[in-house]
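Beneath this line is the structure, given in structure tokens, with notes to follow.
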Amino acid sequence: MNIRLKTLWRVPAFCLAAGWLTSNLTDYLSRFIYYDVTTTRADGVVTTFTYADPVRSAVWLAVVFVLVLLIGGLLFFRSMTKAEIALSAAIIVAFYLIVNILRQTFFSFFPIAFGLTLVRLQEWSGIISFFLYSVTHHLGLSTVISNLAPFLFVPFGKKAVEQISAE
């Protein structure tokens with residue numbers, strides 16, 4: 001098995017860029033996902049609450065997830081072998097797991113903005129956590145499984161690198 005070391009940066013770079021882009025795009029398009037409910041109490045106090053529409057959120061997360069998988073798999077990782085993609089995905093999965101373990105273990109020491117920034121870099125795979133949490137109601141399990149999402153790029157790889165023969 002011949003793994004080209006210069007390709008190992010691709011999956012981590014793509015996953016981090018996809019997380020950043022989808023997070024910012026979600027913020028930009030939030031007016032389609034969130035809605036406000038304004039109520040007036042009998043004493044005249046007006047309160048406004050912002051809610052996320054669960055159906056719109058789920059559809060948006062699913063569309064983002066499928067698009068990221070297809071763009072990454074068909075455009076960026078097509079020239080890599082399955083072994084290279086798996087090893088490259090293992091790097092970003094290890095990063096995701098370490099970040100989440102540190103965030104959970106040292107939550108009181110993490111500045112909230114820093115923790116949220118790191119979580120936003122994982123936003124593209126949020127649909128997995130979203131659905132698993134709604135089924136299991138176990139945040140830790142759904143987070144760990146969603147951290148494994150970069151391994152879904154492996155089927156897009158080639159079986160082996162073509163050898164260039166020197167004549």
Do I71 and F14 touch side chain to side chain, with heavy atoms closer than 4.5 Å?
yes
Any sub-3.5 Å donor-acceptor pair from R78's side-chain atoms to F156's backbone N or O?
yes
Can you see which heavy atom on K82 is nearest to which on P155, and at what distance?
NZ-O, 3.5 Å
Given side chains that start at C-beta, do those of L21 and L25 come closer than 4.5 Å, heavy atoms only?
no
How long is the gap from CG on L87 to CD1 on I85, to the nearest 0.5 Å?
11.0 Å
To the nearest 0.5 Å, tell me how far L121 CG sits from S23 OG.
8.0 Å
Please name the pair of heavy atoms, one in A86 and one in F151, separated by the smallest distance, quoted to 0.1 Å.
O-CE2, 3.4 Å
Distance col, row F95:CZ vs N100:CG, nearest 0.5 angstrom, shows 9.5 Å
Decide whether T26 and W60 meet the rule of one side-chain donor and one side-chain acceptor closer than 3.5 Å.
yes
Heavy-atom distance under 4.5 Å between the side chains of I91 and V11, does that happen here?
no
Shortest non-hydrogen contact from I128 to A149?
CD1-CB, 3.7 Å
I want to check something: taking the side chain as every heavy atom from C-beta on, are Q122 and N147 in contact at a cut-off of under 4.5 Å?
yes
Please tell me if the side chains of T47 and T38 come closer than 4.5 Å, counting only heavy atoms from C-beta onward.
no
Are R10 and S79 close enough that a side-chain donor and a side-chain acceptor fall under 3.5 Å?
yes
For F130 against P54, the heavy-atom pair lying closest together
CZ-O, 4.0 Å
Can you see which heavy atom on I92 is nearest to which on C15, and at what distance?
CG1-CB, 4.0 Å
Between V144 and L97, is the side-chain contact (heavy atoms from CB on, under 4.5 Å) condition met? List the steps.
CA-CA 7 Å; V144 168; L97 290 173; 4.2 Å; yes
Please state whether the rings of W124 and F65 are parallel, tilted or perpendicular, taking 30° and 60° as the class boundaries.
parallel
Is there a donor-acceptor pair closer than 3.5 Å between any side-chain N or O of T22 and the backbone N or O of G19?
yes
Does R120 reach the side chain of D27, with side-chain heavy atoms less than 4.5 Å apart?
yes
Rounding to 0.5 Å, atoms CG (L70) and CG (L74) come to a distance of 5.5 Å
Would you say the side-chain atoms of S146 and S125 include a donor-acceptor pair closer than 3.5 Å?
no
Side chain of S142, backbone of L132: donor and acceptor closer than 3.5 Å?
no
Would a line drawn from the ring center of F76 to the ring center of F153 be shorter than 6.0 Å?
no
Got a second to check how far L29's CG is from N24's CG, nearest 0.5 Å?
11.0 Å
